[in-house]
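Sharing a structure here in structure tokens format.
Sequence lines set the chain letters: A, B, ... in the order given, protein chains first and strands last, and positions in each chain run from 1.
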2 protein chains.
Amino acid sequence: MASGMDDRTTRVLRHIVEDYIATAEPVGSRTISKKMGQSLSPATIRNIMADLEEAGFLAQPHTSAGRIPTGAGFRYYIDHLLARQALARGEMDQLHRAAGEGNGPADELVRQVSRLLSNLAHQASVVVVSSPEQQVLSSVSLMRAGVERILLVTVMRGGWVQHRLIEGEPDLTGDDLEKISAYLNELAEGRTLLQLRARILDELGKEKARYDRVMGRALVMSARALTEAAPGEVFIEGRANILEQPEFAEDVHRLKRILRAFEEKSVIFRLLDRAMVSRAIQVSVGLENTVEELPDISVVASGYRQGASSVGSIGLIGPVRMDYSRVIPLVEYAASLLTTMFEDR
Amino acid sequence: MASGMDDRTTRVLRHIVEDYIATAEPVGSRTISKKMGQSLSPATIRNIMADLEEAGFLAQPHTSAGRIPTGAGFRYYIDHLLARQALARGEMDQLHRAAGEGNGPADELVRQVSRLLSNLAHQASVVVVSSPEQQVLSSVSLMRAGVERILLVTVMRGGWVQHRLIEGEPDLTGDDLEKISAYLNELAEGRTLLQLRARILDELGKEKARYDRVMGRALVMSARALTEAAPGEVFIEGRANILEQPEFAEDVHRLKRILRAFEEKSVIFRLLDRAMVSRAIQVSVGLENTVEELPDISVVASGYRQGASSVGSIGLIGPVRMDYSRVIPLVEYAASLLTTMFEDR
DNA sequence: GTTAGCACTCCGGCAATGAGAGTGCTAAAG
DNA sequence: CTTTAGCACTCTCATTGCCGGAGTGCTAAC
């Protein structure tokens, strides 16, 4: 089907999509005829449009409005017709600078980049950080946090910090904690969180005798704390930008749906997890995303890596009518920027 | 002026405000007459309304609409006429449960409570946590975070965790870090962040000889890292709830302004900082808040404490037309809940 | 296969209209 | 002196009807 379209037909489709992206209005045959240098008359364009509509790429809001691209139309455009716009030098610089400012812990870096991406694209920007269980540890520490609580802090290579509370254990002294921390660090050397946990339990079985009861119990508790799946994190920036898009600004219902979605980590995760595993940029249009509540939005996202493993993804969320030619390079660049930033950490 | 209003007049004002809160529509003399059991005719009410308008408590959108309370009208209502609604047993329970679930680090606790508060009130909820410099430390730890970075983790009594990156210092070994951590913990005992910093510098001057150059430098860097003002934190929950309010749902401009404001920590801080110092609940109506960009919103907020010192505040942000009789007790209860939760930590 | 021409459809804007809600004023009643 | 009934007046809002414009589909000619 799709392959059975001749060059002229696809050119018409491309112009329709691009015009619609630019104006958010249904586009008519006259407009396209002009745009193509009048080499074809409006009547001819109309015939072609009728074909495209039959093929499912276009739709009419009502008789005698122009056509607007359907989801399938956008899909075809993105897959076959898109001419990427090169990033402006200035935009690259800005992104670099944003990344540079994020010299605090990793979350600051990510937040800055996300924020700028959002503003450059005039869309809401989202970053998800996968649960760091698969990441390699840099160091571990047990800290006192009140009489009845101990805090287990883990720092990953790349700069992500996590902490989990352990309840109880009031009788461990500061000295005890230091000792256990030192020991945990030894075990952690070069390992992931998961591996560390296994290792702790392992060691504990082997050399039970070496530890007094209190310390032994503390080790078990550490292992248990490490088991609790840390959910991963979500950063959303530029929510206000979605009001720049008429499709959301006008329709309070859609707006509410999307704002609610932004408040549910799990939804955002489902929205971006495909991009995480894949290496290439992912564009899901309208119904394609797996979140039933949001049938009318698009997600452009790309994973970023830490060394060889994918650790998260960054992307934009907006209406189906997005300026993909501009937005796709932006997201790609942002993702690669994160990848390089995390490389030398 | 205000004191010069007789009982009947204020009763009319109260009814107008309450009706307007309930309906979001201008209210007319007929409605009020009915509401007051027809003891007064609409004509009389009209006279009273005219007086109230002259006094600045009411306004007319146009001739021959009903009256709407002005900012001053709301103010008077809140200060003198408000009949607080008792919290429902169920709501208190829910809040308690939310607080109980937040058994992770302090930020989880705060987030859960804030979220529920937001949903109960149908408004956006905001929590600010003041920069914890004045809070007493529970423990300190230096951790390796990559070759060129060290992470300084501080845990406050009450469970707030902060981390700051220190760049450089590649030659400190894990052992070194442990030793310095132990020493810092000794110095930190029972002190605030600020005091700790002073103490470090102090000690360093006195006993310079006791430390080798590397460790000395590390201490200096720690002190410096502690100096960087940590900005405090802001949590916003239930943004989508503001769309429940017709005044925002209809006016995209206001909506955008408020969403933008939510993206600027500093704005939120300015909005809530008054509540932080004061012990009582604060209600600022319309123009009263100090943020010029948001002249048409109300903030209901209350500080919460950790022991004797104020450490932050929790509140609601919404249109001036809020159900104060319900919302004020909610916020108060949430704040007191946070205070008790932090007490036994 | 392409295009000009034409009849037709549908939306959006505009003015006119009328009902409804509410006011302010006046004059009478308490 | 206060309250109220009555009434004229104002303003909004929803409804209606009426173009004009944009765009289409079809047919017939090129």
Side-chain angles (χ1 to χ4, degrees), chain A residues 4-13 15-20 22-70 73 246-247 250-251, chain B residues 4-13 15-20 22-70 73 246-247 250-251:
Chain A
M5 289 202 295
D6 66 2
D7 182 57
R8 207 181 55 176
T9 311
T10 60
R11 263 176 56 223
V12 170
L13 178 57
H15 279 108
I16 294 176
V17 174
E18 284 171 1
D19 193 83
Y20 181 66
T23 65
E25 306 267 295
V27 355
S29 53
R30 189 187 209 71
T31 318
I32 297 303
S33 171
K34 269 187 209 144
K35 210 164 235 169
M36 294 175 69
Q38 250 121 1
S39 59
L40 291 175
S41 79
T44 314
I45 304 286
R46 281 204 286 281
N47 290 330
I48 301 176
M49 279 172 151
D51 294 348
L52 282 168
E53 182 165 357
E54 205 176 357
F57 293 128
L58 297 180
Q60 277 183 299
H62 55 266
T63 358
S64 131
R67 304 304 211 285
I68 63 179
T70 62
E247 28 268 276
E250 273 147 31
D251 184 346
Chain B
M5 290 201 295
D6 65 3
D7 181 59
R8 209 181 54 175
T9 311
T10 60
R11 262 176 56 224
V12 170
L13 177 58
H15 278 109
I16 293 177
V17 173
E18 283 171 1
D19 194 81
Y20 181 67
T23 65
E25 306 269 292
V27 355
S29 52
R30 189 186 207 72
T31 317
I32 298 303
S33 171
K34 270 187 208 142
K35 209 163 236 168
M36 293 174 69
Q38 250 120 2
S39 60
L40 292 175
S41 79
T44 313
I45 304 286
R46 281 205 284 283
N47 290 330
I48 301 176
M49 280 173 152
D51 294 348
L52 283 168
E53 182 165 359
E54 205 177 356
F57 294 128
L58 297 181
Q60 275 182 301
H62 53 265
T63 357
S64 132
R67 304 306 211 284
I68 287 181
T70 60
E247 28 269 276
E250 273 147 31
D251 184 345

Atom-to-atom span, CD of A/Glu54 to C1' of D/dG25 - whole angstrom: 14 Å
d(CD, A/Glu53; P, D/dG23) in whole Å: 15 Å
Using only side-chain N and O atoms of A/Arg8, determine if any of them is under 4.0 Å from OP1 or OP2 of C/dT2. yes
What's the CD1-P distance between B/Ile48 and D/dT3, to the nearest Å? 7 Å
Looking at A/Ser64, I'd like to know whether one of its side-chain N or O atoms comes within less than 4.0 Å of OP1 or OP2 on C/dT9. no
Quick one: side chains of residues 26-38 of chain B, donor-acceptor pairs under 3.5 Å with protein atoms, not counting sequence neighbours, listed by atom name and distance.
{"residue": "B/Ser29", "atom": "OG", "partner": "B/Arg46", "partner atom": "NH1", "Å": "3.3"}
{"residue": "B/Ser33", "atom": "OG", "partner": "B/Leu40", "partner atom": "O", "Å": "2.7"}
{"residue": "B/Lys35", "atom": "NZ", "partner": "B/Asp19", "partner atom": "OD1", "Å": "2.4"}

Any idea which heavy atoms bring B/Tyr20 and B/Glu25 closest together, and the distance? CD1-O, 3.1 Å
Under the 3.5 Å rule, do the base of D/dG23 and the side chain of A/Arg30 count as making a donor-acceptor pair? no
Just compare D/dC26, D/dT4, C/dC25 and give me whichever is closest to any side-chain atom of A/Arg46. D/dC26
Where the side chain of A/Thr63 is defined as all heavy atoms beyond and including C-beta, which of C/dA4, C/dT9, C/dG24 is the nearest nucleotide? C/dT9
Side chain of A/His62 - closest among C/dC10, D/dT4, D/dT12: C/dC10
Assuming nearest nucleotide by heavy-atom distance, tell me which of A/Ala65 and B/Thr44 is located more 5' along DNA chain D. B/Thr44
Report the residue (A/Val27 or B/Ser41) whose heavy-atom-nearest nucleotide on DNA chain D is the more 5′ of the two. B/Ser41
Rounded to the Å, how far apart are B/Leu58 CG and C/dG24 P? 11 Å
Does a side-chain N or O from B/Arg67 land closer than 4.0 Å to OP1 or OP2 of C/dT23, or not? yes
